[in-house]
K.L.:
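Encoded as structure tokens, here's the structure I'll be asking about.
Below, each value reflects all heavy atoms present in this structure, side chains not excepted, and no hydrogens, waters or symmetry copies. It should be emphasised that the depicted structure is a prediction, and the values quoted were computed from it without experimental measurement.
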Amino acid sequence: QVQIVESGGGLVQAGGSLRLSCTASGLTFDTYPMAWFRQAPGKEREGVTRISGSGATTCVAGSVKGRFTISRDNAKNTVYLEMNGLKTEDTAMYYCAAAREPVHYCPGSWRDEREYNYWGQGTQVTVSS
């Protein structure tokens with residue numbers, strides 16, 4: 001049984017930083033790309049960033065490029081999201097997901113939820129002005 005658990009969310013002032021963690025079990029972790037999505041109130045869930053199984057390749061949405069960094073520690077079955085220079089528009093529930101296919105590049109559809117078959121429950125990030 002696959003389980004994905006996110007942690008590290010919280011309340012932070014604009015310009016601040018947070019580090020999210022996502023731990024997965026029940027799957028061959030280093031085989032599958034992992035991604036972070038987010039969903040703000042009243043908006044659709046959107047892909048933020050993704051990392052290949054080996055960690056060699058990352059995909060990043062333009063809205064967070066230069067501010068957010070994804071990494072992974074396969075020995076700990078954990079993916080991280082380092083968020084710096086947070087803005088109020090980054091406020092959202094952040095979800096971690098495991099990709100369906102063990103590809104090693106950034107597919108054009110990497111921000112499509114249908115590319116992922118396992119999801120965590122999410123962790124809330126709130127950025128105050």
K.L.:
What distance do Tyr118 atom OH and Met34 atom CE have between them, rounded to the nearest 0.5 Å?
P.N.:
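Answer rounded to 0.5 Å: 11.5 Å.
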K.L.:
Of the non-hydrogen atoms in Ala92 and Ala40, which two are nearest, and what is the gap between them?
P.N.:
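Nearest pair, atom of Ala92 first, then Ala40: CB-N, 3.8 Å.
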K.L.:
Just verifying a value: how many Å separate Ser54 OG and Asn74 CG, rounded to the nearest 0.5 Å?
P.N.:
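Here the rounded value is 8.0 Å.
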K.L.:
If I take atom OG from residue Ser71 and atom CZ from residue Arg19, how far apart are they, to the nearest 0.5 angstrom?
P.N.:
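Spacing of OG (Ser71) from CZ (Arg19) equals 6.0 Å.
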K.L.:
If you draw a 6.0 Å radius around CD in Gln39, do more than 12 non-hydrogen atoms from other residues or ligands fall strictly inside?
P.N.:
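Check passes, neighbour count above 12.
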K.L.:
Looking only at atom types and distance, does a side-chain atom of Thr123 sit under 3.5 Å from a main-chain N or O of Gly9, one as donor and one as acceptor?
P.N.:
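Yes: the side chain of Thr123 pairs with the backbone of Gly9.
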K.L.:
Considering non-hydrogen atoms only, spot the tightest contact between Ala14 and Ser129 and give its length.
P.N.:
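Residues Ala14 and Ser129, closest heavy atoms: CB-CA, 4.4 Å.
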K.L.:
Give the cluster check for Trp36 versus Leu27: same hydrophobic cluster or not, with ILVMFWY residues linked at side-chain heavy-atom distances below 4.5 Å.
P.N.:
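Yes, because Trp36 and Leu27 connect within a single hydrophobic cluster, where side-chain heavy atoms sit under 4.5 Å apart.
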K.L.:
On a heavy-atom basis, which atom in Cys96 and which in Glu6 lie closest, and how many Å separate them?
P.N.:
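Here Cys96 and Glu6 meet closest at N-OE2, 2.8 Å.
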K.L.:
Give the table of side-chain donor-acceptor pairs shorter than 3.5 Å for residues 78-85, with sequence neighbours excluded, one pair per line with atom names and distance.
P.N.:
from  : atom 1 : to    : atom 2 : distance (Å)
Thr78 : OG1    : Thr23 : OG1    : 3.2
Thr78 : OG1    : Lys76 : O      : 2.8
Asn84 : OD1    : Ser17 : OG     : 2.8

K.L.:
For Asn77 and Phe29, indicate whether the former's side chain and the latter's backbone hold a donor-acceptor pair under 3.5 Å.
P.N.:
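The answer is no, because no donor-acceptor pair under 3.5 Å joins these two groups.
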K.L.:
Between atom CH2 of Trp110 and atom OG1 of Thr57, what is the distance when rounded to the nearest 0.5 Å?
P.N.:
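With rounding to 0.5 Å, CH2 (Trp110) is 13.0 Å from OG1 (Thr57).
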K.L.:
Below 6.0 angstrom between ring centroids: does that apply to Trp119 and Phe37?
P.N.:
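Yes, the ring centres sit under 6.0 Å apart.
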K.L.:
So do Gln124 and Met93 actually touch side chain to side chain, heavy atoms under 4.5 Å?
P.N.:
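A side-chain contact exists here, since the closest heavy-atom pair is under 4.5 Å.
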K.L.:
When you check the gap from the basic side-chain N to the acidic O, do Asp30 and Arg72 get nearer than 4.0 Å?
P.N.:
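Not counted as a salt bridge, because no side-chain N and carboxylate O are separated by less than 4.0 Å.
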K.L.:
Run the numbers on Ser128 and Gln13 for side-chain hydrogen bond (donor to acceptor under 3.5 Å, both in side chains), then give the verdict.
P.N.:
CA-CA 5 Å; Ser128 63; Gln13 285 193 326; 4.9 Å; no
K.L.:
Linking I/L/V/M/F/W/Y whenever their side-chain heavy atoms sit closer than 4.5 Å, directly or via other members, would Val2 and Tyr32 fall into one cluster?
P.N.:
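Shared cluster, yes.
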K.L.:
Hey, does the Lys NZ or Arg CZ of Arg45 hover above the aromatic six-ring of Tyr95, less than 6.0 Å from the centre and inside 45° of the axis?
P.N.:
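Output yes; distance and angle both within limits.
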K.L.:
If hydrophobic clusters are built from ILVMFWY residues whose side chains come within less than 4.5 Å, do Tyr116 and Leu20 share one?
P.N.:
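No, Tyr116 and Leu20 fall in different hydrophobic clusters.
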K.L.:
Taking all heavy atoms of Asn117 and all of Arg100, pick out the closest pair and write down the distance.
P.N.:
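So the minimum-distance heavy-atom pair works out to CB-NH1, 3.3 Å.
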K.L.:
Can you name the closest pair of heavy atoms from Thr58 and Ile51 and give their distance?
P.N.:
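That would be CG2-CG1, 3.8 Å.
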K.L.:
If you round to the nearest 0.5 Å, how far is CZ of Arg111 from OG1 of Thr49?
P.N.:
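CZ of Arg111 is found 10.0 Å from OG1 of Thr49.
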K.L.:
First locate atom CD of Gln3, then atom OG of Ser25, and finally report the distance between them rounded to the nearest 0.5 Å.
P.N.:
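Nearest 0.5 Å value for the CD-OG distance: 4.5 Å.
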K.L.:
Stepwise, does the side-chain contact (heavy atoms from CB on, under 4.5 Å) test hold for Val125 with Asp90?
P.N.:
CA-CA 8 Å; Val125 172; Asp90 294 319; 5.5 Å; no
K.L.:
Would you say Arg67 and Lys87 make side-chain contact, with heavy atoms under 4.5 Å?
P.N.:
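Answer yes - side chains close enough.
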K.L.:
Which atoms form the tightest heavy-atom contact between Thr91 and Val127, and what is the distance?
P.N.:
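So the minimum-distance heavy-atom pair works out to OG1-N, 2.9 Å.
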